[in-house]
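Before I ask anything, here is the structure I am working with.
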Amino acid sequence: MQKTAFSLLFLLCAWMPAAQVNTDRVLAVGRNALYFEDYVLSIQYFNQVIRAKPWLAEPYFYRAVAKLNLDDFQGAEDDCSLCIERNPFLSQAYYARGIARQSTEKYDAAISDYQRGLELRPGDRSMLANRAIACLQKKDYTEAEKAFEELITAYPKLSLGYLTRGAMYLEKGDTALALNDYNKAIEIDPYHAPCYGSRAIVLYQTNRLEEALADLNEAIRLNTRESGYYINRGLVRYQLNDLRGAMADYDQVITMDARNLIARFNRGLLRFQVGDSNRAIEDFSVVIEMEPDNYMAYYNRALLNMEVGDYRGAVGDLDVVLNQYPEFLPGYYSRSEAKRKLNDHAGADRDYWTAFELEEKKRKGLPTTASDGSAPRTDRQEEEEKTRERSDRNIDKFNRLVVHDREEEQKQQYRSEIRGRVQDRNVRIDLEPSFVLSYYEKNLPLGGTVHYDPMIEAFNSRMAVSWKILITNQEAALTEEQIAMHFESINTCSAKIELEPDNADYYFGRAMDFMLVQDFAEAIRNFDRVIELAPSYTPAYFNRAVVRYKQIDYERSHSRSAYGEQNAISIRIGDGNKIPASPATGFPTGDSEKERTLEEYEFIIRDYHMAIRQNPGFVYSYYNRGNIHCARRDYRAAILDYNEAILRHPEFAEAYFNRGLARLATGDTHRGIADLSKAGELGIMNAYSIIKRMTAD
């Protein structure tokens, strides 16, 4: 790793055109990388600025933001401190340091940072929310309640305030106040799945099972990919004696995540109950593979092995359990029975009498411990509890359904809230992203679409660049090794260009490298040169358009916080659940800036037009141009482009999804919902939550 880092540093230095680093340019490129979530790459750029001008505050702050996103909380805290030493009036540095400290449970220090940040930026919503959560995590309920009251007073229409305060009341055991807050959160934001998921927990705890089931149904309709909702619904259905429904929920979780331990264990128990012994054994075997010290799984598998006649396997599993829990009475009786089936009568008798002696001690009230070392539980407690938390190791609870640990679940919930983008999710729907020619893409989900085009296949067969290109709208951030490789490739391409200055492929390869290391200005200059040398070079037009839009997107975000809105093109919902037919333009307000932006959009559209003219069958040019029309709020033009893409590729899920949103934006609700339905059928699950939103009463 050190060798890689040194190589990367050397290449970065070699790439700089002069001995003096152009810090403004490098800082801007680093912010590009940060904005597009290339955190490792962005850190390398900020390092360069810090080495050249260590007195600047900004690069320390941006490097801290990158480290936060890589879960390097101590590094982020240190960088924020260095930033504050250089500029003690940068409120966002206190905010970022507060997040770093809060994530490492330094709650007092985090609260102090948020307080200082609020002095510099009074009423900041994110800092108010994080301060309240930090007080709650510290278990200072009095201060937490005051902080939540301040947040809710300042932002009465923010569902997050009520949602998190409800979690506080639930933690304190006040289910009535928790329920009131969850009701208010749902009233404010009826399309935010966590509101229903949280209220369902309160309803379940107060034994209002049918209402809890209804809330979990709604949460799943709004967010079909959250496994926790299915696990909780499975538990509720089990309590309602709907074993088939509970089994279906655990099946769904395992389909989404084959290694989900809670779903595997619970499904194993349900299969055990309905007599599906062999498949129950499979589930418990997977649990044991994932968690070799899960003794409940060993004991359940032992009982199942006895059911199917595998007595030797049962004895092996019971040996493991009894080595860990030498006073677990049912284990001895079970092993005695298994040994007798194997004709080991002496071993069977030893286990039987051991169990008998333990039972006698318990009957006479002689001192003993429960199997987990805790005090024995009363029969009433055993009857009331039908579940156990995942961390509960009491072997006597071997046949209880597993639920998430409350403390761990709350920790994850709070971490998500303090680090997430605080925004009103009811007013924003993101389009599916544009496509780009790249060398990398994120790992596709199960059933994800692999995109293909003959032009790309033909390009790759020429071996014009060093790696195979692919078409994707799921770009992956580069690893440190890949970053070093592409900086080296920039130098290699530059050397080749010196020898053959009219070779368009070399410029294209270098443009791809600059694009991947987020240096958009240099990427565009190189794509320009490709087109000058080879005017029919379609991939250059296509990627130049993509990079030009990225540059516009970043520049428009410049005034926003590092924790501001995402970089997706979005459509905004108006009042209630209706999308306005004539939404306001998203352009900058200044006339000169607006004209410049309009001109840049025209350049992008012209590039896609050229790509289409040269290759009318390349559907991604129509699709991307449609997205640009949406960015300009010209939805009718966007629909025409999506029509062309779908005409040539009838299974183009992303085009159906985006055309559906564009149609909704023009008031064509019926056809918009039909498009979203088709997109859902083709695998874009978010479509169903939007359909629900648009058809709500």
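The shown structure was predicted, so the numbers you read here are calculated from the model rather than taken from an experiment.
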*asked:* Can you see whether Tyr537 engages Asp505 through a side-chain donor-acceptor pair at a distance of less than 3.5 angstrom?
replied: yes
*asked:* Which label fits Tyr608 and Phe542: parallel for a plane angle under 30°, tilted from 30 to 60°, or perpendicular past 60°?
replied: perpendicular
_Ring-ring centroid check Phe618 Tyr541, cutoff 6.0 Å_ = no
*Could you pull out all residues at least two apart from Glu58 that satisfy salt bridge (charged side-chain N to carboxylate O under 4.0 Å, His left out)?*
none
*Apply side chain to side chain contact (heavy atoms under 4.5 Å, CB included) to Ile646 and list each qualifying residue two or more places apart in sequence or on a separate chain.*
Ala655, Tyr656, Arg659
_Whether Asn32 side chain and Gln518 backbone form a donor-acceptor pair below 3.5 Å_ = yes
*Distance under 6.0 Å and angle within 45° of the ring axis: does Arg529 meet both against Tyr507?*
yes
*Minimum heavy-atom distance between Met515 and Ala523, given as atom pair plus value*: N-CB, 3.7 Å
*With sequence neighbours excluded, what pairs up with Asp641 under the salt bridge (charged side-chain N to carboxylate O under 4.0 Å, His left out) test?*
Arg625
_Pair Asp78 + Lys67: basic N to acidic O under 4.0 Å_ = no
*Is the backbone of Val517 close enough, under 3.5 Å, to the side chain of Tyr45 for a donor and an acceptor to pair up by distance?*
yes
*With sequence neighbours excluded, tell me which residues meet side-chain hydrogen bond (donor to acceptor under 3.5 Å, both in side chains) with Glu77.*
Arg101, Lys106
*With sequence neighbours left out, write down each residue that passes side chain to side chain contact (heavy atoms under 4.5 Å, CB included) with Cys493, or none if nothing qualifies.*
Ser489, Arg510, Asp513
*Taking only residues two or more places apart in sequence or in another chain, which ones pass side chain to side chain contact (heavy atoms under 4.5 Å, CB included) with Glu475?*
Val436, Lys550
*If you draw the axis of the six-membered ring of Phe520, does the NZ or CZ of Arg548 fall within 45° of it and under 6.0 Å from the ring centre?*
no
*asked:* For Gln137 and Gln102, which I'm curious about, is there any donor-acceptor pair between the side chains at under 3.5 Å?
replied: yes
*Salt-bridge contact Arg525-Asp528 (side-chain N to carboxylate O under 4.0 Å)*: no
*asked:* Please give me the minimum heavy-atom distance between Leu163 and Pro194, naming the atom from each residue.
replied: CD1-O, 3.9 Å
*Could you tell me whether a side-chain N or O of Asn658 sits under 3.5 Å from a main-chain N or O of Tyr623, the two making a donor and an acceptor?*
no
